[in-house]
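Computed from a predicted structure; not experimentally measured. Residue numbers begin at 1 in each chain, while the letters A, B, ... track the order of the sequences.
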2 protein chains.
Amino acid sequence: MSPLVESFVRHFGEMGSRWGINRTVGQMYAYIVLADEPVNADELAAELRVSRSNVSMGLKELQSWNLVRLKHIPGDRKDYFVAPEDVWEIASTLINERRKREIDPTLTVMRELLMDTPSSAADRHAQNRIKEMYQLIEMLTQWSAEMQKLSPKQISRMLKLGAGVSKLLG
Amino acid sequence: MSPLVESFVRHFGEMGSRWGINRTVGQMYAYIVLADEPVNADELAAELRVSRSNVSMGLKELQSWNLVRLKHIPGDRKDYFVAPEDVWEIASTLINERRKREIDPTLTVMRELLMDTPSSAADRHAQNRIKEMYQLIEMLTQWSAEMQKLSPKQISRMLKLGAGVSKLLG
DNA sequence: TCGTTATTTCAGAAATTACTGAAAATTAAG
DNA sequence: CTTAATTTTCAGTAATTTCTGAAATAACGA
């Protein structure tokens, strides 16, 4: 692993551990993303100096997140993995998976709590706050879903426009 | 704690632990956000059944994230805490703090790696990937910064418009 | 089929993170 | 200044998460 790749991999390991992802899985993904050809499990174990079994578990996790795709190489029995070419696709996958695992269940819980009959003034206040949060999260979620229907090019254009749109709307 | 509040607090404890935040701190914040009056440390310790010292550390963390504000109550020596009234402000704070702690350092590392002279074809490929990610992250960051300058009302309007803006731009 | 190569599983060990109780420090009132 | 109330610190412990090696399973070709 070149120093350049190693720095990046190290950094993403640290960052990963601040999110739900563990250090090794973060490093594995960073390595796969930067690689210019498909990567196999033995290579990951050797380069990152972790056990083969750890790599196996990490790859399973990355696959469950749809962040890597299995790619077979003719004449080679090993499994090889690649990350999507398009960084927008990676971002999009991350957003979708986090929504599925975190946002959706949260919205469900909130929706249920909003159905309950409040049993005190404090409960009524709590429900109000939950409602505000619910509406905020739902709005952001719907916006992001709509954006994802656009092409990366279109999304770029919109984002670059930024708050400028506000003026455009008068 | 009413069943309603307890469900919410429980859920946010679980969710918090999927992000960098630990379960107890997540629960503490959920409790403070829903409370209809300022909350003190003893109340948190009692309601969440954790030690007073744990609460103290958790509150320090929430303060370092700017997610709670200290509020004194006349005639009471205890420290009381509140969360911002406006949920947009909470979201905004979360975004800003995460940017400071995670995005900015990441962009710095990437910028440095892009300055390096690649020492192989693989390195050149890696640099390209890093560049793509850099540009994507920067674009999203700038967009979010611009949006935050608008009022919550304006942001709402824009988000509700969603991809509709795309047509508007032709 | 058998033998070889590759991957997965999983119980226990190692590492990390969270939590507690006791003591120290801080704060404010008298 | 003294005392009492409150908060913080921190060393040790508990709980959780991550990682490993060994064994099991699967995949394939001869």
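Seen from the ring of Trp65(B), Arg98(B) does not count as a face-on cation partner, given the 6.0 Å and 45° thresholds.
Under 4.0 angstrom from either OP1 or OP2 of dC19(D) there lies at least one side-chain N or O belonging to Asn22(A). Contact annotation: Lys60(B) side-chain N/O to dT9(D) OP1/OP2 distance is under 4.0 Å. A sub-4.0 Å separation between OP1 or OP2 of dC19(D) and a side-chain N or O of Thr24(A) is present.
A donor-acceptor pair shorter than 3.5 Å cannot be found between the side chains of Thr93(B) and Asn66(B). For the residue pair Asn96(A)/Gln148(A), the side-chain donor-acceptor check at 3.5 Å is satisfied.
Between the Arg129(B) side chain and the Glu85(A) main chain, a donor and an acceptor come within less than 3.5 Å of each other.
Atom-to-atom, CD of Glu14(B) to C1' of dT16(D) comes out at 13 Å; the value is rounded to the nearest Å. For Asn40(B) and dT8(D), the CG to P distance is 12 Å, given to the nearest whole Å. Between the CG atom of Leu70(A) and the C1' atom of dA26(D) there is a distance of 14 Å, given to the nearest Å. In this structure, CG of Asn54(B) is placed 14 Å from P of dT9(D), rounded to the nearest angstrom. Note: CZ (Arg52(A)) to P (dA23(D)) measures 18 Å, nearest angstrom. One interatomic measurement links the two molecules: CZ of Arg49(A) to C1' of dG21(D), which rounds to 19 Å at whole-angstrom precision.
In the set dT9(D), dT20(D), dC19(D), the nucleotide with an atom closest to the side chain of Arg23(A) is dC19(D). Distances from the side chain of Arg77(B) to the nucleotides dT20(D), dA27(D), dA4(D) place dA4(D) closest. With dT9(D), dC19(D), dA5(D) as the candidates, the nucleotide lying closest to the side chain of Met57(B) is dT9(D).
Sorted by first and then second residue, the pairs that involve residues 18-48 of chain A and meet ring pair (Phe, Tyr, Trp, His ring centres under 6.0 Å), not counting sequence neighbours, are Trp19(A)-Trp19(B).
Val25(A) and Gly58(A) make their closest contact through CG2-CA, 3.9 Å (heavy atoms, listed as atom of the first residue, atom of the second, distance).
Clustering of Ile, Leu, Val, Met, Phe, Trp and Tyr side chains at separations under 4.5 Å leaves Met15(A) isolated, with no partner residue.
You can see that DNA chain C meets the heavy atoms of chain B within a 4.0 Å-exclusive cut from dA18(C) to dA28(C), reading 5' to 3'.
Mapping Ser53(A) and Asp76(A) onto DNA chain C via the closest heavy atom, the residue that lands nearer the 5' end is Asp76(A).
Asp79(B) comes within 4.0 angstrom of sugar-phosphate atoms only, judged by non-hydrogen atoms across all strands, and of no base.
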